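Values in this document were obtained by computation on a predicted structure and should not be read as measured data.
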Amino acid sequence: MEKDTTPIKVSVLRVLYSGLKPIRDRLDSILEDFYKKNILLSQAEHTAVLEFRSAAATVELLLLDYFEQVDEVKVDTLYLPTKEFHLLLDLSKTAELAYKVTIANSGLWTH
């Protein structure tokens with residue numbers, strides 16, 4: 001049987017948040033270049049970039065909400081519902097996958 005909550009240190013969430021910023025910024029840059037017609041993306045690449053950006057945005061929103069909660073009560077550990085914790089992990093993995101995918105004949109790491 002699965003536990004109802006999963007404890008996670010706020011410091012770990014802050015590291016996750018700081019690692020998310022470069023991914024988000026690079027995805028935004030690729031989308032901006034695509035919409036300005038500076039680069040070409042196939043439909044599949046465009047969809048993938050949108051999916052990665054959506055995952056990054058959702059993780060960012062969740063983390064900002066968590067930070068707001070812990071700042072109010074001054075705790076160093078947050079107890080997330082286990083399903084929500086798994087969602088956070090899955091979305092984080094999806095956003096991080098953007099670094100491993102070839103987009104516009106290069107990759108996120110070069111953009």
Inset, instruction - With the side chain counted from C-beta on, respond yes when Phe52 and Glu96 share a heavy-atom pair under 4.5 Å apart, and no when they do not. - result: no
Legend entry - Sole residue of Leu63, Leu89, Leu62 in side chain to side chain contact (heavy atoms under 4.5 Å, CB included) with Leu16: Leu63
Legend entry - Joint hydrophobic cluster, Leu91 plus Leu27, side-chain heavy atoms closer than 4.5 Å: no
Legend entry - Distance-minimising heavy-atom pair for Ala95 and Ala55: N-CB, 4.1 Å
Inset, instruction - Give a yes or no on whether the backbone of Ser42 and the side-chain of Glu45 come within a donor-acceptor separation of less than 3.5 Å. - result: yes
Legend entry - Gap between atom CD of Glu84 and atom CG of Leu87 - 0.5 Å precision: 7.0 Å
Legend entry - SB check Arg14 Asp76 (cutoff 4.0 Å): no
Legend entry - Gap separating the CG atom of Leu97 from the OG atom of Ser92, nearest 0.5 angstrom: 12.5 Å
Legend entry - Exercise: identify the closest heavy-atom pair between Phe34 and Ile39: N-CG1, 3.7 Å
Inset, instruction - State the CG-CG distance between Leu31 and Leu41, to the nearest 0.5 angstrom. - result: 7.5 Å
Legend entry - Leu40 CG: over 12 foreign heavy atoms closer than 6.0 Å: no
Inset, instruction - Report the distance from atom NE2 of His46 to atom CG of Leu50, rounding to the nearest 0.5 Å. - result: 4.0 Å
Inset, instruction - Please indicate whether Glu60 has more than 12 foreign heavy atoms, meaning atoms of other residues, nucleotides or ligands, lying under 6.0 Å from its CD. - result: yes
Inset, instruction - Taking the side chain as every heavy atom from C-beta outward, state whether Asp4 and Thr82 have any atom pair closer than 4.5 Å. - result: no
Legend entry - Same apolar cluster: Leu20 and Val10, side chain cutoff 4.5 Å: yes
Legend entry - Linked, directly or transitively: Tyr66 and Val73 (ILVMFWY side chains, under 4.5 Å): yes
Legend entry - Close side-chain approach of Lys9 to Ser11, heavy-atom, < 4.5 Å: yes
Legend entry - Beyond-backbone contact of Pro7 with Phe85, side-chain heavy atoms, under 4.5 angstrom: no
Legend entry - Sub-4.5 Å side-chain heavy-atom contact between Lys74 and Val70: no
Legend entry - Short side-chain to backbone donor-acceptor contact, Thr58 and Ser54, under 3.5 Å: yes
Legend entry - Min side-chain heavy-atom separation Thr5-Leu80 under 4.5 Å: no
Legend entry - Validation row: Tyr79, Ile8 side chains within 4.5 angstrom (heavy atoms): no
Legend entry - Candidate pair Leu88 and Leu13, rule side chain to side chain contact (heavy atoms under 4.5 Å, CB included), full reasoning: CA-CA 10 Å; Leu88 180 65; Leu13 294 176; 3.9 Å; yes
Inset, instruction - Decide whether Leu78 and Val15 are clustered together by the hydrophobic rule: side chain heavy atoms of Ile, Leu, Val, Met, Phe, Trp, Tyr closer than 4.5 Å, transitively. - result: no
Inset, instruction - Say whether Leu64 and Val75 are linked into one hydrophobic cluster, either directly or through other cluster members, by side-chain heavy-atom distances under 4.5 angstrom. - result: yes
